[in-house]
Amino acid sequence: MYTRKEYSLLIKRFKAENNLIQIIIGPRQTGKTTLALQVAEQYKDNYHYCTSDLPNPYSTNWIEQQWETARVLSKKSSKGALLIMDEIQKIHNWSEAVKKLWDEDKRKKINLKVLLLGSSALLLQKGLTESLAGRFELIKTNHWSFAEMKECFNFDLDKYIYFGGYPSAVNLINDETRWSNYIKDSLIETTISRDIFLVTRIDKQQLFRQLFKLGTHYSSQIVSYSKLLGQLIDAGNTTTLAHYLRLLESSGIIAGLQKYSASEIKKKSSSPKFLSLNNALITSQSNFTFNEAKANKDFWGRLVENAIGAHLYSATLSSNLRLMYWREGSHEVDFILQNGKKIFALEVKSGRQRESIKGFDIFSQKYKPNKKLLVGGDGIPIEDFLLTPSEEWYI
C-alpha cells in the first residue's frame, strides 16, 4: 500500500493526543480521501466517514447527525473514534457548527478525533479564521510529483511532462481521447462547477471559464491584464480577473505568479505569469497528442517549464517560500523563490526558442541572489531536479 508523506504526519499528530482538529486541504483527485481512509485503518471499525460532495449541499443539521454517529462509536473503545468529513466547505456555516460540537466534546471529555477534508483553500480559510481559530492544524496536499508517479506507476519523464500527476487517470493514458475527456469532464468541470460555483458567488461564470482556458493556454507565460481583457468576452475589470484567478489558485488548478520586486505594491500590480499546477490541465485541452507534443519543440519546452514551476510551487504550500518571476524589458528570469530576505533564482533551459540567460546575469548583478540554479541544458538534468523535493535545493 502506497502512502503519501502526509500520512506519517497525520499519524504522529493523532498519537500525540493533541486537542486539535486536523484539516487536509488540496485539489481534487490528489488522494485526500485515500489518505484519510488509510489513517482510519488505525481505528479499525471505530471511525465514521461521510461526504457532502453532492450537487445539492447539506445543511448544518447533517454535520450534527454525522457527529452524533461518531460519538456513539467513541463510547465503544477506550481509544475513542475518528470522524472524517469530506468536502466540508460546501456546507453553509460549517465552521460554526463544527466549533459548537467540538467545544461540547472538550467540555464533556468525549474522545473523538476529527479529520476534515476540503478542495478549496480559500473557501475553507474563511471559516477557519472566523470560527475555529486555535482549534485546528492544516495539512496542505498537492498534485502528485514526478517521484510519486514514477514510484507508483513507473512513469518516465516524458509521460509525466505530458500526462501530469493525476493518479486516477493513469489507467486511461493508452486511450488519449478517453484520458482527455476524463480530465476535462471529471476533474476540470467538477472543480469549477461544484467546488467553486456552488459555494461562492460568481457573477460572470462564462468569464470565469474563459479565464481558466486562457490560463492553461498561456501557462508558463507572462500575460498583462490589458491583454487578457482584450481576449475575454464581458471581461469587466482587472479586479474581477484577479479575484477569479485567486479562486482558481485556491482550488489547486491555476496560479498567477507575481513579478519579483523590492516593492510590494509593484508585486501586486504586476502582470501575472500563469502556472497550471498539473500539466494534464494544459495537454487535455490542447490539440496535441503525446507524440505530437514531443515533436513540437516550443510546446514541449513550455510543458517542461510549467512542470518545473508546478514542482517549485508545491514547496510553497508547507513553507514560507514565495514563488515569483522577474522581468525588466526583454530580460527575464523564469522563477524567483523568496524566503524572508533570502532570494533564489532559477532559469530553465527547456528547448523553447526563447533560450537566453542574459536576464539571469542582469538579475544576479542587481539583486545578488543567495543561490542561482540552471535546470536543463548544461545545468541540473530536468529529471534529477523533478525527482528531488524542491525544498532541498533551497537550504
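- A side-chain donor from one of Thr216 and Gln285 sits under 3.5 Å from a side-chain acceptor of the other.
- Defined by atom type and a distance below 3.5 Å, a donor-acceptor pair is missing between the side-chain atoms of Gln66 and Glu68.
- Salt bridge status for Glu96 with Lys100: absent, with no side-chain N to carboxylate O gap under 4.0 Å.
- A salt bridge does not link Glu332 with Lys358: every distance from a Lys NZ or Arg NE/NH1/NH2 to an Asp or Glu carboxylate oxygen is 4.0 Å or more.
- Taking OG of Ser74 as the reference point, atom CG of Leu82 lies at 11.5 Å (rounded to 0.5 Å).
- Interatomic distance, SG of Cys50 versus CG of Leu83, reported as 5.5 Å (0.5 Å rounding).
- The CG atom of Asn306 lies 9.0 Å from the NZ atom of Lys273; values are rounded to the nearest 0.5 Å.
- With rounding to the nearest 0.5 Å, the separation of OH in Tyr313 from CG in Leu257 is 8.5 Å.
- Summarising the local packing, CG of Asn287 is surrounded by 12 or fewer heavy atoms from other residues, nucleotides or ligands at distances under 6.0 Å.
- Between Trp62 and Tyr58, the ring planes lie parallel to each other; the angle is under 30°, not in the 30° to 60° tilted range.
- With a 4.5 Å cut-off on side-chain heavy atoms, Leu346 and Ile308 count as touching.
- Side-chain atoms of Asn278 and Trp144 include no donor-acceptor pair closer than 3.5 Å.
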Open item on the list: Run Phe335 and Tyr325 through ring-ring contact (aromatic ring centres under 6.0 Å, His included) and show every step you take.
Closed with: CA-CA 4 Å; Phe335 300 108; Tyr325 71 92; 9.1 Å; no

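- Under 3.5 Å, the side chains of Thr240 and Asn237 contain a donor-acceptor pair of N or O atoms.
- Using a 4.0 Å cut-off between a side-chain N of Lys or Arg and a carboxylate O of Asp or Glu, Lys99 and Asp103 qualify as a salt bridge.
- Considering all non-hydrogen atoms of both residues, Lys259 and Ser270 come closest at N-OG, 3.0 Å.
- Between the CG atom in Asp105 and the NZ atom in Lys113 there is a gap of 11.5 Å [rounded to 0.5 Å].
- To the nearest 0.5 Å, atoms CD (Glu137) and CD1 (Ile21) are separated by 11.0 Å.
- Ser224 and Ser271 form no side-chain donor-acceptor contact under 3.5 Å, judged by distance and modelled atom types alone.
- For Lys213, the NZ atom sits in a loose shell: 12 or fewer heavy atoms of surrounding residues, nucleotides or ligands are nearer than 6.0 Å.
- Residues Ser284 and Tyr182 bring no donor and acceptor atom of their side chains to less than 3.5 Å of each other.
- The two residues Thr191 and Arg28 have their closest heavy-atom pair at OG1-CD, 3.6 Å.
- Side-chain contact annotation: Thr33 with Asp86, donor-acceptor N/O pair under 3.5 Å present.
- Aromatic ring centroids of His311 and Phe146 lie 6.0 Å or more apart.
- Looking only at atom types and distance, the side chain of Asn279 has no donor-acceptor partner in the side chain of Tyr162 under 3.5 Å away.
- Looking at Thr239 and Tyr244, their side chains never come closer than 4.5 Å, going by heavy atoms from C-beta outward.
- Counted by atom type alone, Tyr160 and Glu148 present zero donor-acceptor pairs between their side chains at under 3.5 Å.
- Side chains of Gln29 and Ser168: a donor-acceptor N/O pair is present below 3.5 angstrom, by distance only.
- Annotation: Asp203, atom CG; neighbour count of heavy atoms from other residues, nucleotides and ligands within 6.0 Å is above 12.
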